[in-house]
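Before any comments, here is the structure.
In what follows, chains carry the letters A, B, and so on, assigned in the order in which the sequence lines appear, proteins first and then strands, with residues in each chain numbered from 1. All values below were derived from every heavy atom in this structure, side-chain atoms included, with hydrogens, water molecules and symmetry-related copies excluded.
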Protein chains: 2
Amino acid sequence: MLQTLERGLDILQAFSEADPLRSAAELSTSTGLPISTVYRLLQTLEKRHFVEAAGNARYRLGPSMYLLAQVVRQQMSGSLGPVALPIMQHLTTCTGETTVLTQIIGDKAVCIESVESPQAVRLSFQRGRVMPLWAGASARVLLAYTDPQTAADVLAHIDNEWFASGEPVDPEALRHGLQIIRVQSYADSQSEVDAGARAIAVPVFNQDGHLLAGLSVAGPLARIGDSHVPALVELLRVASAQMSAQIA
Amino acid sequence: MLQTLERGLDILQAFSEADPLRSAAELSTSTGLPISTVYRLLQTLEKRHFVEAAGNARYRLGPSMYLLAQVVRQQMSGSLGPVALPIMQHLTTCTGETTVLTQIIGDKAVCIESVESPQAVRLSFQRGRVMPLWAGASARVLLAYTDPQTAADVLAHIDNEWFASGEPVDPEALRHGLQIIRVQSYADSQSEVDAGARAIAVPVFNQDGHLLAGLSVAGPLARIGDSHVPALVELLRVASAQMSAQIA
DNA sequence: AGTGTCTATACCATATAATGAGAATGTATT
DNA sequence: AATACATTCTCATTATATGGTATAGACACT
């Protein structure tokens, strides 16, 4: 709607974890804006400390973003966090493995809360970590239960992506996998996000049956054999139900 | 320069840790913009997921900010982090207390790196934590050595602020305190940010003598007596010099 | 010095895109 | 039903953003 503002936001979003430093020329091509316009946008963003010069004709996100990032971190788990954490802690105690809570944000899955296993060999997973919606049990369970629109969008935009295991992503197999998840009502993944890890995930709904989050238990492949899966699924289902019951 | 963009950024910055949920009416008064304009800005920001409706006629920062926050966290300590961390670890080993690295961001001090003490009773201090530039040794040492312009701005905007101890902030005493810091070349604070804590801080410069960060060691009052201060200051000075030498 | 390449800022005529007041609609609350 | 807000729509006006080009500066290479 507001062209100038949107273009400014485009610039901000051009900075990613993979590409935190960008030149004006790059920004011009990646946004399709004329170079003079890019500089003008950068000027205002720089004046307000949303971006800053990083030397070498590069720009990066600036101080103002730091402060807003802190606001966002604080509200990250929102209403779900206080309810979920104790339940997740209990899950980790019972299973001895890392517990992760994820949410859909835009077209990505984001870890909004995690409780790491106390064991020396464990899967480490931190708040804020972002992954594609098709990779990993906790992400894929979100994809399986989200509205068809979002799911279709995601499936349509998979080209030449790989899992951490080295396997290529096959959209057709993925589509079928989502169906299986819905039938079993849990997701199982191996070496998709982190090589050598296995995760089991279930969805978390609110009382209206609306999808809120994905809850998963994950650990090294060697410790999570097929024989353990049924028990894990049962624990996850109980935990998910507890969360649903406690949400306002 | 670009009015529309600036107004959009104004809206984003209206969300703070103290006030993460804001109504359109509030935003209108706090930014001085007509209500119809605020709604128009919110519309575009919402479309791009920079803000989202939080129910109850409130808005909060949205998904897109989460993703950018992650980018920012990653680059937070920037070039300083890799150099500083091992030195900070060594400091914590020597002193047994929490070590904190801070930087000026806008008109605030932000913890960009920390190494917590291994002791059970310790000062916990996390990356991203924001405090006013006048509170705490690590912040105040930044204020003392930053350019006079910034310092004057900060001093001019102190009205009715309090330390964690309950003491009111006296701008005149503060001004004098900064002078003392510059003479001693270290800062000492008690119960300013966290009640019951004491911190000693020194500045970190690059080779050009430009202020980069503040480095501090902090712990419970009971463990940091006046007799320990000289030794701590010496350790901090050595650590600061090491950092300066290793910066590119 | 001289040339070429790149970043960054300044300029300017044009019309597009933003503006803000107010009306109209929607949604709770009483 | 009536009130109080929250939110979206409409529209005429003009301020504001636009993008092509020109200019100035930095840096490397001959």
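- Remark: P of C:dT9 and CG of B:Leu2 are 13 Å apart, rounded to the nearest angstrom.
- Nearest nucleotide to the side chain of B:Gln43, out of C:dA18, C:dT7, D:dC9: D:dC9.
- OP1 or OP2 of C:dG20 sits under 4.0 Å from a side-chain N or O of B:Thr37.
- Computed from coordinates, the B:Ile35 CD1 to D:dT7 C1' distance equals 9 Å when rounded to whole Å.
- The distance from atom CD of B:Glu6 to atom C1' of C:dT19 is 16 Å, rounded to the nearest whole Å.
- Across all strands shown, B:Arg58 has no heavy atoms under 4.0 Å from either base or sugar-phosphate atoms.
- Whole-Å rounding puts the B:Glu26 CD to D:dC5 P distance at 14 Å.
- Proximity of a side-chain donor or acceptor of A:Thr31 to a complementary backbone N or O of A:Asp10 within less than 3.5 Å is not detected.
- Of the side-chain N and O atoms in B:Gln3, one or more sit less than 4.0 angstrom from OP1 or OP2 of C:dT19.
- If you take CG of A:Leu27 and P of C:dT7, they are 11 Å apart, rounded to a whole angstrom.
- Distance CD1/A:Ile87 to CG/A:Leu236: 12.0 Å, rounded to 0.5 Å.
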- Item | side chain to side chain contact (heavy atoms under 4.5 Å, CB included) between A:Phe50 and A:Leu68, intermediate numbers included | CA-CA 10 Å; A:Phe50 275 78; A:Leu68 289 179; 3.8 Å; yes
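- Checked by atom type, the side-chain pair B:Arg182/B:Gln179 shows a donor-acceptor distance below 3.5 Å.
- Applying the side-chain contact (heavy atoms from CB on, under 4.5 Å) test between A:Arg129 and each of A:Ile112, A:Thr102, A:Val193 identifies A:Val193 as the sole match.
- Whole-Å rounding puts the A:Leu45 CG to C:dA8 P distance at 14 Å.
- Between B:Tyr39 and D:dT7 there is a side-chain N or O to OP1 or OP2 distance below 4.0 Å.
- Within 4.0 Å (heavy atoms only), A:Ser36 reaches at least one base atom of the nucleic acid.
- When the side-chain nitrogen and oxygen atoms of A:Arg40 are compared with OP1 and OP2 of D:dA17, none of them lie within a distance under 4.0 Å.
- Regarding B:Leu41, its CG atom lies at a distance of 15 Å from the C1' atom of D:dT8, rounded to whole Å.
- The shortest distance between the side-chain N/O atoms of A:Tyr59 and the OP1/OP2 oxygens of C:dA8 is below 4.0 Å.
- Separating the CG atom of A:Leu42 from the P atom of D:dT18 is a distance of 13 Å, rounded to the nearest angstrom.
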